[in-house]
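Each remark here refers to the structure printed beneath this line.
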Amino acid sequence: MYFSRGTAVVATNVNRFVIEGGRIANNADSSLYLSGANSSVFGIEMFGNGCGGVNVTGGDLKTLVAGRNTISGNEIHDYSRWKRTYMPGIFWSGVGNSFEGNFISDAPHSGILGGGVDCNFQENTLNSLCYETSDAGAFYSGRSWIYRGNTISYNHFISIKTTEQIFLGYPSVQAIYLDDQMSGYKIYNNTFVDCQCGSFIGGGRRNEVYYNTYDNCGLDVHIDNRGMGWQKAACQPGGMFEKQLNSVNYKMPPWSTRFPELVGIFDDHPCVPVYNNVHNNGYCHSKTPGNFTDVTLAEIQQWMDTFTDNKEIMC
C-alpha cells in the first residue's frame with residue numbers, strides 16, 4: 001500500500017483487528033493508526049513517510065483495563081521526511097500493550113515516543129536515530145507520574161547520537177530518555193552501543209536500571225534532580241503531577257492497589273529523585289572516552305538512590 005495523501009490505514013475502536021505482512025510506505029502522513037483492544041500489527045515494512053510509522057493506543061487509564069494490543073516484527077525506517085521532529089516510528093499510549101521485535105532506524109528524531117501504563121517494550125532494535133536533533137531520545141517519555149509500570153528490556157540501541165551540526169545549545173541525545181520526572185520504569189538487559197547517553201533519568205523516582213550493557217557510550221547512566229530546582233512547581237501539591245494523579249483517582253482502587261507508592265507520595269520527598277536503583281550493569285569505554293555516570297556519591301546518598309555492582313567489562 002503506497003502513496004496515501006494522509007494516513008494509509010486507520011482502524012478506530014477495533015477489537016481483534018489483525019494486519020500482517022506487506023508494505024505500507026511513502027505516505028504523506030503515517031502508515032497506520034490503531035485504537036482498540038486485542039489487536040495486532042505484525043511483519044509490516046513501513047518507510048518513506050512524511051510523518052511517522054504507526055500510532056497505537058488501547059486500554060483505559062482510570063480503570064487500568066489493558067488494551068492487549070501487540071505491535072511486533074515490523075521494520076520501520078526512513079520516515080519523518082516532511083515533519084522532522086515528534087513523528088516517531090511508533091507512537092504509543094494507553095495501558096497494557098506490547099511492542100516486541102521491531103526494527104526502527106534512520107530517522108532524524110525519536111524511534112518510540114509516547115506514554116502509558118504497564119506497557120512492554122522488548123527485543124526491539126533502534127538504530128541511527130535522533131541524528132538531526134538535540135534534547136531527544138530514541139525512546140522518549142516524559143512529564144508524568146501516572147505513566148508508570150512500563151518495562152524496557154532486551155532491546156538494542158545502536159548509534160543514537162547527533163551527527164548534524166547543532167545551532168542551538170549543544171548535542172544531547174539519549175537512547176532511553178525518561179524526561180521531566182518520569183518514574184516507575186524497569187530498564188534491564190538492554191544493549192547500548194555508540195550512544196551519546198545510554199539511560200537518562202531526568203528527575204524521576206523509583207526507576208530500576210539493571211543488567212544492561214553499555215558499549216562505548218559517552219555517558220552510560222544519568223540522573224538529575226530537576227524537581228528540586230527549575231521544575232519544582234510541577235511536583236508540589238497543587239502542581240501538574242497532582243492534577244494528573246487526581247484525574248485517575250490515585251488514592252482509590254485500582255490505582256491505590258496497583259501503585260500503592262503513589263498514595264502518600266506528597267509525604268515522601270515528592271520533588272527528590274528518590275529510590276532509583278542502578279545495579280549489575282556492565283560498561284566499557286575502550287574506543288570512545290566516557291563515564292559510567294555523572295552522579296556523585298554525595299548525590300546518590302542525598303537522593304536515597306542506590307548504585308551497586310556496576311562493573312567495567314571487556315568489549
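Basis for what follows: all heavy atoms, side chains included, without hydrogens, waters or symmetry-related copies. Along the sequence shown, residues are numbered consecutively beginning with 1.
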Query raised in the report: Asp294 and Glu299: which non-hydrogen atoms are nearest, and at how many Å?
Result: O-OE1, 4.0 Å
Query raised in the report: With a cut-off of 6.0 Å (strictly less than), are more than 12 heavy atoms of other residues, nucleotides or ligands near CE of Met252?
Result: no
Requested in this report: Apply the test side-chain hydrogen bond (donor to acceptor under 3.5 Å, both in side chains) to residues Asp106 and Tyr79: give CA-CA distance (whole Å), side-chain angles for both, the deciding distance (0.1 Å), then the verdict.
Outcome: CA-CA 7 Å; Asp106 299 288; Tyr79 54 91; over 6 Å; no
Query raised in the report: So with a 6.0 Å cut-off around CZ of Arg81, is the heavy-atom count from everything else above 12?
Result: no
**Report entry** Side-chain donor-acceptor contact under 3.5 Å, His285 with Asp220
**Finding:** yes
Query - Residue pair Leu32 / Thr7, side-chain heavy-atom distance below 4.5 Å - result: no
Report task. Evaluate the criterion side-chain contact (heavy atoms from CB on, under 4.5 Å) for residue pair Ile90 and Phe99; output intermediate values, then yes/no. Result -> CA-CA 9 Å; Ile90 296 175; Phe99 305 84; 3.8 Å; yes
Query - Neighbour count >12 (heavy atoms, 6.0 Å) for atom OH, Tyr86 - result: no
**Report entry** Ser144 side-chain N/O to Ile146 backbone N/O, donor-acceptor pair under 3.5 Å
**Finding:** yes
Query raised in the report: If Ile, Leu, Val, Met, Phe, Trp and Tyr residues are connected whenever their side-chain heavy atoms lie under 4.5 Å apart, and connections chain through other members, are Val54 and Met87 in the same group?
Result: no
Requested in this report: Report yes if some heavy atom in the side chain of Val295 is under 4.5 Å from a heavy atom in the side chain of Trp303; otherwise report no.
Outcome: yes
Query raised in the report: Per the side-chain contact (heavy atoms from CB on, under 4.5 Å) rule, which among Ile76, Asn127, Asn74, Asn124 passes with Phe103?
Result: Asn127
Query raised in the report: Would you say the ring centroid of Phe121 lies under 6.0 angstrom from that of Phe139?
Result: yes
Query raised in the report: Shortest non-hydrogen contact from Gln244 to Trp145?
Result: OE1-N, 3.4 Å
**Report entry** Test side-chain hydrogen bond (donor to acceptor under 3.5 Å, both in side chains) applied to Asn310 and Asn281, step by step
**Finding:** CA-CA 5 Å; Asn310 301 294; Asn281 298 285; 2.9 Å; yes
**Report entry** Evaluation steps, side-chain contact (heavy atoms from CB on, under 4.5 Å), between Thr57 and Tyr33
**Finding:** CA-CA 9 Å; Thr57 184; Tyr33 173 84; 4.0 Å; yes
Query raised in the report: Can you tell me if Asn27 uses its side chain to pair, donor with acceptor, with the backbone of Ser4 under 3.5 Å?
Result: yes
**Report entry** Evaluation steps, side-chain hydrogen bond (donor to acceptor under 3.5 Å, both in side chains), between Ser199 and Tyr214
**Finding:** CA-CA 9 Å; Ser199 303; Tyr214 299 90; 2.8 Å; yes
Query raised in the report: Any chance the side chains of Gln174 and Gln196 put a donor and an acceptor closer than 3.5 Å?
Result: no
**Report entry** His77-Glu45 side chain donor-acceptor pair, cut-off 3.5 Å
**Finding:** yes
Report task. Would you check if Trp255 and Asn249 make a side-chain contact, meaning some heavy-atom pair closer than 4.5 Å? Result -> no
Query raised in the report: Could you give the distance from OH (Tyr210) to OG (Ser153), rounded to the nearest 0.5 Å?
Result: 8.0 Å
Query raised in the report: Taking side chain as C-beta onward, heavy atoms only, is Asn26 less than 4.5 Å from Phe47?
Result: yes
Query raised in the report: Would a hydrophobic clustering, with Ile, Leu, Val, Met, Phe, Trp and Tyr connected at side-chain separations under 4.5 Å, put Phe200 with Leu113?
Result: yes
Query - Ser93 side chain to Gly114 backbone, donor-acceptor under 3.5 Å - result: no
Requested in this report: Report whether Met1 and Phe17 are members of the same hydrophobic cluster (ILVMFWY, side-chain heavy atoms less than 4.5 Å apart, transitive linking).
Outcome: yes
Query raised in the report: Looking only at heavy atoms, which two atoms of Ser30 and Cys51 are closest? And how far apart?
Result: OG-CB, 3.8 Å
Query raised in the report: Just how far is it from atom CD1 of Ile158 to atom CD1 of Ile160, taken to the nearest 0.5 Å?
Result: 8.0 Å
Requested in this report: Take the SG atom of Cys271, take the SG atom of Cys235, and say whether they are under 2.5 Å apart.
Outcome: yes
Query raised in the report: Same hydrophobic cluster for Val65 and Val56, using side-chain heavy-atom links shorter than 4.5 Å among ILVMFWY?
Result: no
Query - Side-chain heavy-atom pair Lys186, Glu208 within 4.5 angstrom cut-off - result: yes
Report summary line: CD1 (Ile223) and CG (Asn207) are apart, to the nearest 0.5 Å, by 8.0 Å
Query raised in the report: Taking the side chain as C-beta and beyond, is there a heavy-atom pair between Lys232 and Gln236 under 4.5 Å?
Result: yes
Report task. Begin with the C-alpha distance, continue with both residues' side-chain angles, and end with the deciding distance and a verdict on side-chain contact (heavy atoms from CB on, under 4.5 Å) for Asn97 and Ile71. Result -> CA-CA 8 Å; Asn97 300 302; Ile71 311 302; over 6 Å; no
Report summary line: Tightest non-hydrogen contact, residues Ser141 and Met182, listed as OG-CE, 3.3 Å
Report task. Could you walk me through whether Ile187 and Leu178 pass side-chain contact (heavy atoms from CB on, under 4.5 Å), step by step? Result -> CA-CA 11 Å; Ile187 301 170; Leu178 303 185; 4.0 Å; yes
**Report entry** Close side-chain approach of His222 to Thr293, heavy-atom, < 4.5 Å
**Finding:** no
**Report entry** Closest approach of Tyr188 to Thr151 (non-hydrogen atoms, all atoms of both residues)
**Finding:** CE2-CB, 4.4 Å
**Report entry** Carboxylate-amine/guanidinium contact Arg206 Glu261, below 4.0 Å
**Finding:** no
**Report entry** Path from Ile265 to Val248 over hydrophobic side-chain contacts below 4.5 Å
**Finding:** yes
Query raised in the report: For the atom pair CD1 (Ile104) and OG (Ser110), what is the distance rounded to the nearest 0.5 Å?
Result: 10.5 Å
Query raised in the report: How far does OG1 of Thr308 sit from CG of Asp305, to the nearest 0.5 angstrom?
Result: 11.5 Å
Query raised in the report: Less than 4.5 Å apart, any side-chain heavy atom of Asp118 and any of Arg148?
Result: no
**Report entry** Salt bridge present between Asp60 and Lys62 (N-O < 4.0 angstrom)
**Finding:** no
Query raised in the report: Would you say the side-chain atoms of Ser159 pair up with the backbone N or O of Ser128, donor to acceptor, closer than 3.5 Å?
Result: no
**Report entry** Shortest non-hydrogen contact between Leu129 and His109, atoms and distance
**Finding:** CB-O, 3.7 Å
Query - Flag for Thr191-Tyr154: side-chain donor and acceptor within less than 3.5 Å - result: no
Requested in this report: Count the heavy atoms of every other residue, nucleotide or ligand shown that sit under 6.0 Å from NE2 of His269, and state whether that count exceeds 12.
Outcome: no
Query raised in the report: Any chance the side chains of Asp194 and Asn216 put a donor and an acceptor closer than 3.5 Å?
Result: no
**Report entry** Among Asn155, Asn190, Asn189, side chain to side chain donor-acceptor pair (under 3.5 Å) partner for Asn212
**Finding:** Asn190
Query - Separation of Gln181 CD from Gln231 CD (nearest 0.5 Å) - result: 4.5 Å
**Report entry** Ionic contact status for Lys287 with Asp215, cut-off 4.0 Å
**Finding:** no
Requested in this report: Would you confirm whether Thr133, through its side chain, and Ala136, through its main-chain N or O, come within 3.5 Å as a donor-acceptor pair?
Outcome: no
Requested in this report: Go through the steps for Asn49 and Ser31 under the test side-chain hydrogen bond (donor to acceptor under 3.5 Å, both in side chains), then give the verdict.
Outcome: CA-CA 7 Å; Asn49 292 326; Ser31 291; 2.8 Å; yes
